[in-house]
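Heads up, the thing below is written out as structure tokens.
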Amino acid sequence: MPLTSRGFPLFLTFDLDAETMWTARDPAYAQRPILMSQGAYGWKVGVPRILELLRRYNLKVTFFVPGLVVEQRPATIEAILKDGHEIAHHSYSHRWILSLSEAEEREEMEKGFDAIKRATGYGPRGWRSPAAELSPISLDLLKEWGFDYSSNFFDDDSPYLLNIGGERSNIVELPFRWVLDDAPFFQYSIVLPGRTMHPPSSVLESWKTEFDMLYAEDRMMMIGFHPQIIGQPSRLWVLEKLIEHALSHSNVWIGRCDEITDDLRPGLLAAAP
């Protein structure tokens, strides 16, 4: 039985880290203009190219954006919102959660939340951790700040309700895995982990195969992209071909995380013990 009223959920999500991909690791990187230019490619070239592709297929999706990027690039955020996409929380500065004190993590949550609310007029409904890490208080903060969904864990191929403090919450987890992220295939920088440049055709094969099996099992597919990576010409070709492959199947819903989550939650609550 399909998870949603519109069939198989396919989430195309974009982490607009921009320059924070580097400065979160070392603030001194801000003084290295070529490193910074690699992040700038995301908002200068990648986002416009991605938005144009999404318009061609009439798709509305979710962008996870650090609050600092929201503040620094208002024209980019305005363009994303104008096309009907969702802005979700991706910390404030993209600093590693495990390197933060509890007070610093709370500050990251508050500043990121406020930056998004000022720019969009609404509080963000979803949260994705920078660098796929949680602290002992991260899930408590999601509950405290009233989030509706999370996309962080790697433990399933189907959505589920988060357990927080030993109790089931109403927060829907939208899990993913590294094979469903563009960075392990394409990220290349002299100071970042991983220096890889896979042929686009091999990445497309991986993602199409993942889609086919998840679709056959009536699960879901969550893919995390980065505009500075997937927005490059040969990489955008992979995204377009994946979209075409998905839409060649019946009952596939490519949409915003908030909208799909609202559709998923009643069924998850009904099935929960």
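The basis for the numbers below is simple: all heavy atoms, side chains too, and nothing from hydrogens, waters or symmetry mates.
- With a 6.0 Å cutoff to the six-membered ring centre and a 45° limit on the axis angle, Arg128 counts as a cation-pi contact of Phe64.
- Closest non-hydrogen pair, Leu54 versus Phe14, comes out as CD1-CE1, 4.4 Å.
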Working for salt bridge (Lys or Arg N to Asp or Glu O under 4.0 Å), residues Lys60 and Glu259: CA-CA 10 Å; Lys60 312 299 181 187; Glu259 294 176 349; over 6 Å; no
When you look at Phe63 and Trp43, which way does the ring-ring contact (aromatic ring centres under 6.0 Å, His included) test go after all the steps? CA-CA 12 Å; Phe63 286 75; Trp43 58 266; over 10 Å; no
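- Atom CD of Glu217 has more than 12 heavy atoms from other residues, nucleotides or ligands within 6.0 Å.
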Could you please spell out the steps behind the salt bridge (Lys or Arg N to Asp or Glu O under 4.0 Å) verdict for Glu19 and Arg73? CA-CA 11 Å; Glu19 293 91 340; Arg73 310 299 171 199; 3.4 Å; yes
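- Between Thr4 and the choices Asn251, Asp262, Ile260, the side-chain contact (heavy atoms from CB on, under 4.5 Å) rule is met once, by Ile260.
- Salt bridge Glu244/Lys241: present, at least one basic N to carboxylate O contact under 4.0 Å.
- Without hydrogens or angle criteria, Arg256 side chain to Gly84 main chain gives a donor-acceptor distance under 3.5 Å.
- For the 3.5 Å distance criterion, the side chains of Glu71 and Tyr92 qualify, holding a donor opposite an acceptor.
- Remark: the backbone N or O of Asp15 is not paired with any side-chain donor or acceptor of His226 at under 3.5 angstrom.
- Under a cut-off of 6.0 angstrom, the local environment of OH in Tyr188 is sparse, with at most 12 non-hydrogen atoms contributed by other residues, nucleotides or ligands.
- Although no hydrogens or angles enter the test, the distance criterion places a donor-acceptor pair under 3.5 Å between the side chain of His89 and the main chain of Met109.
- Looking at heavy atoms from C-beta onward, Gln228 lies out of side-chain contact with Gln232 at the 4.5 angstrom threshold.
- The CG atom of Asp17 lies 3.5 Å from the NE2 atom of His94; values are rounded to the nearest 0.5 Å.
- Under the 4.5 Å side-chain criterion, counting only non-hydrogen atoms from C-beta, Ser135 is not in contact with Leu100.
- To the nearest 0.5 Å, atoms OG1 (Thr261) and CZ (Phe11) are separated by 5.5 Å.
- Considering CZ of Arg95 and OG1 of Thr23, their distance stands at 10.5 Å, rounded to 0.5 Å.
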Phe153/Tyr160 under side chain to side chain contact (heavy atoms under 4.5 Å, CB included): CA gap, chis, key distance, verdict: CA-CA 10 Å; Phe153 286 92; Tyr160 60 89; 3.4 Å; yes
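- The existence of a salt bridge linking Arg106 and Glu144 is confirmed by a sub-4.0 Å separation between a basic side-chain nitrogen and an acidic carboxylate oxygen.
- Val172 and Leu141 fall into different hydrophobic clusters, where Ile, Leu, Val, Met, Phe, Trp and Tyr side chains are chained together by heavy-atom contacts under 4.5 Å.
- In this structure the side chain of Leu174 reaches within 4.5 angstrom of the side chain of Met220, judged on heavy atoms.
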Please evaluate residues Ser129 and Asn152 with respect to the criterion side-chain hydrogen bond (donor to acceptor under 3.5 Å, both in side chains), reporting the C-alpha separation (whole Å), side-chain torsions for both, the decisive distance (0.1 Å), and the verdict. CA-CA 6 Å; Ser129 165; Asn152 291 287; 4.6 Å; no
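- Taking 4.5 Å as the limit, some side-chain heavy atom of Leu139 sits within range of a side-chain heavy atom of Leu162.
- Shown here for Ala246 and Ile254, the closest heavy-atom pair between the two residues is CB-CD1, 4.4 Å.
- Remark: Arg125 does not engage Glu86 in a salt bridge, criterion side-chain N to carboxylate O under 4.0 Å.
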Checking Phe8 against Asp218 for the side chain to side chain contact (heavy atoms under 4.5 Å, CB included) test, could you report, in this order, the C-alpha distance in whole Å, the side-chain angles of both residues, the deciding distance, and whether it holds? CA-CA 6 Å; Phe8 179 83; Asp218 281 332; 5.6 Å; no
Using the rule given for side chain to side chain contact (heavy atoms under 4.5 Å, CB included), can you reason through His90 versus Trp127, listing the C-alpha separation, both sets of side-chain angles and the distance that settles it, and then say yes or no? CA-CA 6 Å; His90 194 40; Trp127 183 79; over 6 Å; no
Give the intermediate values and the outcome of side chain to side chain contact (heavy atoms under 4.5 Å, CB included) for residues Ile223 and Leu242. CA-CA 11 Å; Ile223 311 185; Leu242 177 65; 3.3 Å; yes
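- Of the inter-residue distances, the one linking Arg177 atom CZ with Asp157 atom CG reads 4.5 Å to the nearest 0.5 angstrom.
- Considering NZ of Lys208 and OG of Ser248, their distance stands at 8.0 Å, rounded to 0.5 Å.
- A single hydrophobic cluster is seen to contain both Val47 and Ile116, as judged by linkage of ILVMFWY side chains at heavy-atom distances under 4.5 Å, directly or through other members.
- Side chains of Lys44 and Ser37 form no contact here, defined as non-hydrogen atoms less than 4.5 Å apart.
- Counting only N and O atoms by type, the side chains of Glu105 and Ser138 include a donor and acceptor under 3.5 Å apart.
- The side-chain heavy atoms of Ser189 and Trp22, taken from C-beta on, include a pair separated by under 4.5 Å.
- Formation of a donor-acceptor pair under 3.5 Å by the Ser206 side chain with backbone atoms of Ser202 is found in this model.
- Residues Phe113 and Trp145 bring their aromatic ring centres within 6.0 Å.
- The OG atom of Ser150 sits 5.5 Å away from the CG atom of Leu142 when rounded to the nearest 0.5 Å.
- A salt bridge links Asp83 to Arg55: one of the charged nitrogens lies within less than 4.0 Å of a carboxylate oxygen.
- For the residue pair Glu240 / Tyr57, a side-chain donor-acceptor distance below 3.5 Å is found, with atom types taken as modelled.
- Of all heavy-atom pairs spanning Pro159 and Leu268, the tightest one is O-CD2, 3.7 Å.
- Both Leu204 and Leu59 are members of a single hydrophobic cluster when ILVMFWY side chains are connected at heavy-atom separations under 4.5 Å.
- In terms of modelled atom types and a separation under 3.5 Å, the side chain of Arg32 and the main chain of Ala28 share no donor-acceptor contact.
- Residues Thr62 and Tyr149 meet the side-chain proximity criterion, which asks for heavy atoms closer than 4.5 Å.
- A 6.0 Å sphere centred on CD of Glu52 holds more than 12 heavy atoms belonging to other residues, nucleotides or ligands.
- For the residue pair Ala88 and Gly126, the shortest heavy atom distance occurs at CB-O, 3.6 Å.
- Considering only heavy atoms from C-beta on, Leu161 stays 4.5 Å or farther from Glu173 through its side chain.
- A ring-centre distance under 6.0 Å is found for Trp178 and Phe154.
- One side chain, Ser93 or Glu108, offers a donor N or O that lies under 3.5 Å from an acceptor on the other.
- Checked by atom type and distance alone, the side chain of Asp182 never pairs as donor or acceptor with a backbone atom of Phe225 at under 3.5 Å.
- The aromatic rings of Tyr215 and Phe211 lie parallel to each other, with less than 30° between the two planes, well short of the 60° mark.
- Note on Met197 and Ile190: separate hydrophobic clusters, where clusters join Ile, Leu, Val, Met, Phe, Trp and Tyr whose side-chain heavy atoms are under 4.5 Å apart, directly or indirectly.
- No single ILVMFWY cluster, assembled from side-chain heavy atoms under 4.5 Å apart, contains both Ile77 and Val45.
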